[in-house]
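To keep things clear, I will list the structure first and then write my remarks on it.
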Amino acid sequence: MRTKLVAGNWKMHGSLAANLGLLHAVRDGAGGAAEVALCVPYPYLAQAQAALNGSKVAWGAQDVSEHAQGAWTGEVSAAMLADFACRYVLVGHSERRSFFGDTDAVVAAKFVAARKAGLVPILCVGESLAEREAGITGEVVTRQIDAVLGGCEITDFAKAIVAYEPVWAIGTGRTASPEQAQEVHALIRSRFAREDAAIAGGLRILYGGSVKAGNAAELFGQPDIDGGLIGGASLVAADFLAICAAAA
Ligand code: PEP
């Protein structure tokens, strides 16, 4: 009942010249039942729009300002992303949280700004290795979600996505086992079900953290895993397309 989504996160990679082949290969190779999206660096949004417009591949950004407009040098507003026909925007990626000071409150404000502009935020949550080892994964993820729920309506999650990304699995080659991931995905869905069972039932919860062609099918086969957020493997068309095929 939930259509799977595979979203690539290019992070700070690419060039106008190199992107073209990747965009065209993903556009031409993406088939099947799963939805596909690419979250590209801001300067390449126009290029992504031109290459992907009219195809089944959507595009989006990796961050957004919580502010609507004004003297916020270096920031990019949600309305600006909408100008480039972005469908998605990542909010609260762990790299933003740990390296750029995005607190739970900032992430909540970014989520609200994205929704106000009609974008679909992909809210990233996840625990560090120390937090997992301390046995507080559930508390951490619930705190991150509650901060956002406190600033918006539950109905906003009818047009939002959650990505569970254990920080210890991002870019490390270490993946959560399907059982570990499923356990947290189920917990996330049950948190939303306490607010609204129908919205929780329709909410797509992606797994992210070293997803590769070789482990994607097993992860995506879990009952509460609705696709993936893919970093490194989204930079190689064949790898990314193999992951998309595993979700279809
Ligand atoms: C990410 O950046 O969201 C991510 C999951 O990266 P990787 O797939 O490289 O672990």
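Values below: all heavy atoms of this structure, side chains included; hydrogens, waters and symmetry mates excluded. Whatever order the structure lists ligands and atoms in, that order sets their numbers, starting from 1.
Near N9, with a cut-off below 4.0 Å to any heavy atom, the atoms of ligand 1 are 1 (C), 2 (O), 3 (O). Heavy-atom contacts of L229 reach the following atoms of ligand 1: 3 (O), 5 (C) (cutoff under 4.0 Å). Set against the non-hydrogen atoms of G209, the atoms of ligand 1 under 4.0 Å away are 5 (C), 10 (O).
For the pair R96 and F100, the cation-pi criterion (under 6.0 Å, within 45° of the ring axis) is fulfilled.
Under a 4.0 Å heavy-atom criterion, A233 is not in contact with ligand 1. In this structure, A169 has a heavy atom closer than 4.0 Å to ligand 1.
Salt bridge status for E35 with K4: absent, with no side-chain N to carboxylate O gap under 4.0 Å. The residues R97 and D102 are annotated as not salt-bridged, no charged nitrogen and carboxylate oxygen being separated by less than 4.0 angstrom. Taking 4.0 Å as the cut-off between side-chain N and carboxylate O, K110 and D63 count as a salt-bridged pair.
Within the 6.0 Å centre-distance limit, the rings of F111 and F157 are counted as a close aromatic pair.
Ranking protein heavy atoms by distance to atom 5 (C) of ligand 1, first place goes to E165 OE2, 3.0 Å. Taking atom 9 (O) of ligand 1 as the reference point, the nearest protein heavy-atom neighbour is G232 N, 2.8 Å. From the protein, the heavy atom lying nearest to atom 1 (C) of ligand 1 is H93 NE2, 3.3 Å. Protein heavy atom nearest atom 8 (O) of ligand 1, with residue, atom name and distance: G231 N, 2.8 Å.
Placement of V36 and V40 within a single hydrophobic cluster is found when ILVMFWY residues are connected by side-chain heavy-atom separations under 4.5 Å, directly or transitively.
Note on ring orientation: taking the six-membered ring where Trp is involved, the planes of Y207 and H185 are tilted (angle from 30° to 60°).
Counted within 6.0 Å of CD on Q69, heavy atoms from surrounding residues, nucleotides or ligands total 12 or fewer; the atom is thus considered open.
Residue-to-ligand polar distances place G171 within reach of ligand 1: an N/O pair is separated by less than 3.5 Å. At least one N or O atom of K11, backbone or side chain, sits closer than 3.5 Å to an N or O atom of ligand 1.
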